[in-house]
Each structure stands twice: as structure tokens, then as C-alpha cells.
Amino acid sequence: MSIIRIDELTLYDLSASAVALKNYFRDYALLIFLRHLA
Amino acid sequence: MQSLHPEFSRRGISIIVISFAEPTVLVKYQEYHKWPFVILADPQRRAYGTFALTRLSWRQVFSLATLKLYFRLLRQGKKHQHYGKADVRQGGGDFLIDCAGNVLFAHRSRDPADRPSTEMLLQEIDRAMVAKSGAA
């Protein structure tokens with residue numbers, strides 16, 4: 001089992017504001033990484 | 001996935017969709033698809049790199065399974081939506097993580113058609129969560 005430094009993972013919401021991923025879930029998150037949009 | 005969203009919620013799992021498209025492009029994508037999930041942008045692909053999601057080879061992009069998938073979608077009348085120039089070689093994947101950053105389940109797609117079904121995801125998630133509770 002690998003460990004991701006969740007506190008360091010920052011993405012952007014649809015307004016282009018930087019967001020910490022950990023703020024979007026409490027216990028578990030299913031991350032679905034898309035390929036190109038279609 | 002949308003119809004089984006309550007199954008994920010029941011398990012305490014938040015669904016977060018991540019794309020390497022720019023946020024402005026994702027706004028248009030979401031206006032069309034109206035997904036009931038959080039959608040986040042990773043245009044620099046830092047999260048993609050963290051989860052070891054690499055670019056696929058052209059052979060993987062145009063695998064037989066992918067061509068069959070595209071043909072099936074065309075037969076269903078699905079139309080390809082254009083969202084501007086995109087890197088068609090970027091691989092995708094699905095990961096279950098906990099709040100400590102432990103990756104409990106990982107699926108890195110070998111080709112565009114290689115995505116686990118929602119049912120399979122739920123089975124694997126149930127298995128991972130049982131294993132985690134057993135280890136605690």
C-alpha cells in the first residue's frame with residue numbers, strides 16, 4: 001500500500017482557485033482521473 | 001456511476017473527478033455533463049504524476065479494446081464532444097484513498113477501454129475497507 005502526502009496535494013476547482021484535496025472528503029475518496037475530455 | 005452514487009455515499013466515500021484540462025474548459029464540460037461529483041483540475045498533472053499515471057503508447061491508445069469501445073459508443077449514437085486540443089495519450093485511473101493518504105485501491109488503466117465497472121469498483125472497495133479494518 002502506498003501513501004500519498006495528502007496535505008501536499010493541491011488542485012484547482014472550476015473557478016481556478018487552488019484547493020487542498022483533503023478538504024473535499026472526510027474519510028475516504030474515490031479519485032477518478034480522467035483521460036482527455038470527450 | 002451516477003446511478004450507483006448512493007452506494008459510494010453509503011460507504012462514506014466521496015467521489016472526486018480529476019482532469020488535466022484547464023478549469024475554464026472543465027466548466028464547459030460540466031455544463032454539458034452535469035456530473036453530481038466534485039470535479040477538480042490538475043493542468044500541470046502533478047496529481048497524475050503522484051499517482052504514477054503516465055502517458056500511454058499509441059498502441060495502447062488504439063488498442064483493439066479501445067476501438068471496440070469507440071465503435072460501440074458510435075452505434076449507441078454517442079457523439080464526440082470537442083473541448084479543444086487535448087493530450088489523448090494521458091492515461092487515467094481510479095484510486096481509493098483514506099484521509100491519511102493511504103492508497104487502499106489502485107487501478108491504472110492500460111488503455112482507454114480499461115476502466116473498472118462501478119460494480120467491480122464497489123467490490124474492490126469493500127474488500128479494501130474490510131482489509132483495512134482488519135489491520136487496524
Side-chain angles (χ1 to χ4, degrees), chain A, chain B residues 1 8 11-27 29-30 37-43 46-48 50-53 56 80-84 86-106 108-109 112 115 121 125 129 132:
Chain A
M1 179 190 303
S2 57
I3 298 176
I4 303 298
R5 296 192 177 185
I6 198 74
D7 289 339
E8 297 176 359
L9 214 50
T10 299
L11 300 170
Y12 297 93
D13 63 19
L14 297 189
S15 72
S17 300
V19 297
L21 180 63
K22 66 186 175 94
N23 293 339
Y24 282 88
F25 70 103
R26 195 177 67 181
D27 299 315
Y28 300 96
L30 175 65
L31 306 180
I32 300 173
F33 284 83
L34 300 181
R35 293 189 59 252
H36 67 99
L37 301 181
Chain B
M1 177 69 77
F8 290 95
R11 290 162 170 81
I13 299 171
S14 300
I15 296 176
I16 301 172
V17 176
I18 298 170
S19 165
F20 60 90
E22 292 290 336
T24 51
V25 175
L26 284 178
V27 168
Y29 178 82
Q30 181 62 343
F37 314 123
V38 169
I39 298 181
L40 301 177
D42 181 26
R46 291 199 183 110
Y48 280 81
T50 298
F51 286 86
L53 292 170
L56 304 174
H80 183 262
Q81 300 291 325
H82 288 278
Y83 294 96
D87 182 3
V88 299
R89 291 178 57 192
Q90 175 60 57
D94 304 278
F95 302 85
L96 177 71
I97 62 171
D98 66 16
C99 55
N102 295 303
V103 179
L104 305 177
F105 168 77
R108 295 174 182 86
S109 299
R115 296 307 289 237
L121 269 177
I125 285 168
M129 291 173 81
K132 182 184 179 208

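Keep in mind the model is a prediction, meaning the values are calculated, not measured. Computation of the quantities below employed the complete heavy-atom set of this structure, encompassing side-chain atoms and omitting hydrogens, waters and symmetry-equivalent molecules. Just so we're on the same page: letters track the sequence lines, and every chain starts at 1.
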- request: Give the C-alpha distance, both sets of side-chain angles, the deciding distance and a yes or no for side-chain contact (heavy atoms from CB on, under 4.5 Å) between A:Asp7 and A:Lys22.
  value: CA-CA 7 Å; A:Asp7 289 339; A:Lys22 66 186 175 94; 2.9 Å; yes
Quiz item: Can B:Phe37 and A:Ile32 be said to form a side-chain contact (heavy atoms from CB on, under 4.5 Å), step by step?
Solution: CA-CA 10 Å; B:Phe37 314 123; A:Ile32 300 173; 5.6 Å; no
| task | I would like to know whether A:Asp13 and B:Leu40 meet side-chain contact (heavy atoms from CB on, under 4.5 Å); could you show each step before the answer? | result | CA-CA 5 Å; A:Asp13 63 19; B:Leu40 301 177; 4.2 Å; yes
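A:Leu9 has its side chain within reach of B:Phe51: a pair of non-hydrogen atoms, C-beta onward, lies under 4.5 Å apart.
For the options B:Ile13, B:Asp42, B:Ile97, B:Thr24, heavy-atom pairs under 4.5 Å to chain A are most numerous at B:Ile97. The candidate with the highest count of non-hydrogen atom pairs below 4.5 Å against chain A, out of B:Arg89, B:Met129, B:Gln30, B:Arg46, is B:Met129. Comparing B:Ile39, B:Leu56, B:Ile125, B:Val17 by heavy-atom pairs within less than 4.5 Å of chain A, the highest count is held by B:Val17. No other option in A:Asp27, A:Ile6, A:Leu21, A:Leu14 has as many heavy-atom pairs under 4.5 Å with chain B as A:Leu14.
The shortest heavy-atom contact between A:Ser17 and A:Ser15 is OG-OG, 2.9 Å. Contact between A:Phe25 and B:Ile16 at its shortest, heavy atoms only, is CD2-CD1, 4.1 Å. Considering all non-hydrogen atoms of both residues, A:Thr10 and A:Ala18 come closest at CG2-CB, 3.9 Å.
Only the side chain of B:Arg115 comes within contact range of chain A, with heavy atoms under 4.5 Å apart. Only the side chain of B:Leu53 comes within contact range of chain A, judged by heavy atoms closer than 4.5 Å. Contacts between B:Ala47 and chain A at a heavy-atom distance below 4.5 Å involve backbone atoms as well as side-chain atoms. Residue contact with chain A, scored on non-hydrogen atoms closer than 4.5 Å, involves the backbone of B:Asp87 exclusively. For a residue to count as touching a neighbouring chain, one of its non-hydrogen atoms must lie under 4.5 Å from one of that chain's; by this rule B:Tyr48 touches chain A with backbone and side chain alike. Heavy atoms closer than 4.5 Å to chain A are found nowhere in B:Ala106, neither backbone nor side chain. Looking at B:Phe95, both its backbone and its side chain come within 4.5 Å of chain A, counting heavy atoms on both sides. For A:Leu11, the parts lying near chain B are the backbone and the side chain together; criterion is any non-hydrogen pair under 4.5 Å. Heavy atoms of B:Val38 lying under 4.5 Å from chain A belong exclusively to its side chain. Contact of A:Arg5 with chain B is not made at all, since no heavy-atom distance falls under 4.5 Å.
Rounded to the nearest 0.5 angstrom, A:Leu31 CG and A:Tyr24 OH are separated by 13.0 Å.
A distance-only check finds no donor-acceptor pair linking the side chain of A:Arg26 to the backbone of B:Ser14 [under 3.5 Å].
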